[in-house]
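Residue numbers start from 1 in every chain, and the chains themselves are labelled A, B, ... in the order their sequence lines are given, proteins ahead of strands.
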Amino acid sequence: MPASNTPRRLKFRSLIFLVLIFLSINLSAFYLIHVRYQDSYYAAMIDKINILESTDSPRLIFVGGSNVAFGIDSKLISQQTGYSVVNMGLNGNLGMRFMLGMIEPYLRSGDVVLVIPEYDLILNTNESIGPAFIQAIIANPNLLQYFNSPQEYYYFLKLFPYVYTQAIKTMVSDSIEKGCILCENEEQIYFRSAFNPYGDIISHEKIHPIWEIGHLYLSFAQDDSNLHTYIDIVNQFSERIAESGAKMVMLYPATPASGDQKTQEMLSLMDEILRAELTIPVLGNPDQAWYSRSLFFDKLYHLSVDGRALNTQRIIDQISEYFIE
Amino acid sequence: MDLTNPLLLILGLTVVVALYYAFPDQWRRYYLFLISLVFLFLATPQASLLLVLLSLFNYGMGIFIERASKKRWITTLSIFINCIVFLFPRYLNLTGTAAVPVPTNYLIPLGIAFITLQNISYLLNVSRGILPAERNLLNFLLFIIFFPKITAGPIESARHFLPQVRQTHPYKAENIHQGLFLIGSGIFKKIVIADRLALITDQVFNNPGQYYGLTVVTAVFFYSFQIYFDFSGYTDIARGIACLFGYDLSINFNKPFLAENINEFWSRWHITFTTWLRENIFFPIRRFLLRQSNNATAFLALFIPPLITMLASGLWHGLKRPFILWGLYHGLLLFFTVLLNKSKKPQNPKNRWGRRLTTFGLVTFGWFFFRASSIPEIGIFLQSIFVKSTTFHDLLLDIDAFDLVIAFVAIPMVMGFEIYLHDSQKAWNELPAVIRWIACLAILLSISMLGVYQPGNTEFIYAGF
């Protein structure tokens, strides 16, 4: 080996060494966060996929954010319709693309996918994708396999640093304040085992509703491009699953009745556009899903036990009409 | 390409730079132009066309001015048109005179404030015969829209940049090392320090009248550091990216907080901008006044040029009254500095730190004008300093101790490192490799583990101009 090559080799080795230290420190931190997240609300997606995989067809598969987790009594729906029911609802910030991508490999002939999107999923910019999307992936990195568009990779890269550094911060704070790196999950409602075998959240059933719910207030952004992104995602998905013999319908989420004139106009305009441009049936309309604010638990889309009973009946009525037709 | 997200930045740059060097040398300019165009259109799709048209106009006017006999009139007209394009959308937004509310990005191209200054200085230099008009359209367009500098400068002079465009840019490992180091340090300044300080300053400045006394004073001092680390961080990233392509962008900051008076501060802060102001506003006005040789104009030559220059600086930042006040404040400070320097004996070197702290205090006070969104808001902030006093603890109530500790450790470390690097670049290169590697590792780990990545809150302060 010529002598002149030695510094270069040394430099190269130093670089490799630096990269290895950098990666090992970050991977160790990532692993610790992954372990911490095993009891988290977002880790429940692992269980929901297992439920989906092991439930016999034909099934009613409910897809949406936390409005679905809080809003349906799957057992009752199953009894009334004769279908097996799987509740895949977890958090709206997972984004519609990813929620649908997760169920796609498990669909079989005769299944019906019922999408109940929060209005944010239809109207917000960035497809309403937020930290929950990354938190679910950190809890279960296998979820990466369900990505089927460049947008999901983009959002992953965009949001990962935020969630990762926040998790490190919490871990450091916990280790200083509580003296533990892998502290137990102290959440009262939002944790992994908060769900029943269908995927409905039940941890709130014995807790008194937490606060007064705000009004529903919606607005389109500068244009209606977000709405059209949602329409494209749903239409493309329904086209893909039609080959496997599965069907898809859309329903509206339960919200407190809105007294805001603009919001009401917005919702009827949105409903009109969805009915005209979606290739799947839209069951009911937004005001049929309006309930008294006292029927909500802690947030806008989170129904209490009483609210869930009413909403479940509404859904049963709407899907029964659809099946009769 | 998101300049504040390291993952997207690294991924984007790896692809773009690898392709750049995969092209034969003579094609690289075309490729860089194409990438810059894509960057521009992705950032402000509608307004970008306007920018391209404006660039074509300036290209043509440059050649026309060079050939014309009445250069002054044509130059004035061209500059006027550039100013209209720059000011008109801002005026609409300010007065609300647009028939329908116009979203900013529909009318304002990315980096228009910086590009306008580049265009004006180019036209003036051609008119004065300092620079020949650029005949190659591609070279000229690349000078205007070169993507690393388009968001917020540095404001490049054609004299510095155009010769680089004409050169070939062979691959050099040295450029890659230097570029990566600059990008790393820039992201560190922005994500680890500036955005962390923003958590504190935003809380105070977005809620005028809710914080008092020491809390407001602390917030404005933090803002002083925030704006420095934000803007110098951006400049480092821009210079680093340019370096990856073999281009050298101008330095914008030179340890501004070590300035011993306001005059010196402005020769160390946003250097490319202040150089532009000096060459194109300050000196021409001063020369004009000095030519009218009488006592009155001699005094006015001390007073008027700094005032008008800094007023222009304020207006360039935005057509808002607080910016105008900020400009006037600095104009007056410059005037008093010149007066003091004229009357006083040579300064005592022992008082150096006293002068530095005074200058830093005066500059920091000025940020009240810069940061506030209206004149009444400035009044509220100034009142809240004196009217009622609360403790620093009030501010800490909402701030994570983790963020505060990191900010307090990182600020002196980085500033010390910058002073050391600037004074002895050679000494840094001669340091044992282990120490340099450890420094690099510390920067990378800090970025990846201690950064503040607030979704939707990662804009550079100067990208808003």
What is the distance from atom [atom1] of [X] to atom [atom2] of [Y], rounded to the nearest 0.5 Å?
X         : Y         : atom1 : atom2 : result
Ser448(B) : Leu23(A)  : OG    : CG    : 9.5 Å
Tyr153(A) : Leu11(B)  : OH    : CG    : 12.0 Å
Ile168(A) : Leu450(B) : CD1   : CG    : 7.0 Å
Phe30(A)  : Met449(B) : CZ    : CE    : 12.0 Å

request  = Answer with side chain, backbone, both or neither: which region of Tyr164(A) has an atom nearer than 4.5 Å to a non-hydrogen atom of chain B?
outcome  =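 Contact with chain B: side chain only.
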
query = Under a 4.5 Å heavy-atom cut-off, does chain B meet the side chain of Phe17(A), its backbone, both or neither?
reply =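 When you check distances to chain B, no heavy atom of Phe17(A) falls under 4.5 Å.
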
State, with a plain yes or no, whether a side-chain heavy atom of [X] is found less than 4.5 Å away from one of [Y].
X         : Y         : answer
Tyr162(A) : Val452(B) : no
Leu18(A)  : Leu444(B) : yes
Leu441(B) : Ile21(A)  : yes
Leu445(B) : Asn26(A)  : yes

message = Is Ile438(B) in contact with chain A via its backbone, its side chain, both, or neither, using a 4.5 Å heavy-atom distance?
response =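 Contact with chain A: none, neither part.
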
key: Glu174(B) atom CD, over 12 foreign heavy atoms within 6.0 Å   =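 Atom CD in Glu174(B) is not crowded, with 12 or fewer foreign heavy atoms closer than 6.0 Å.
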
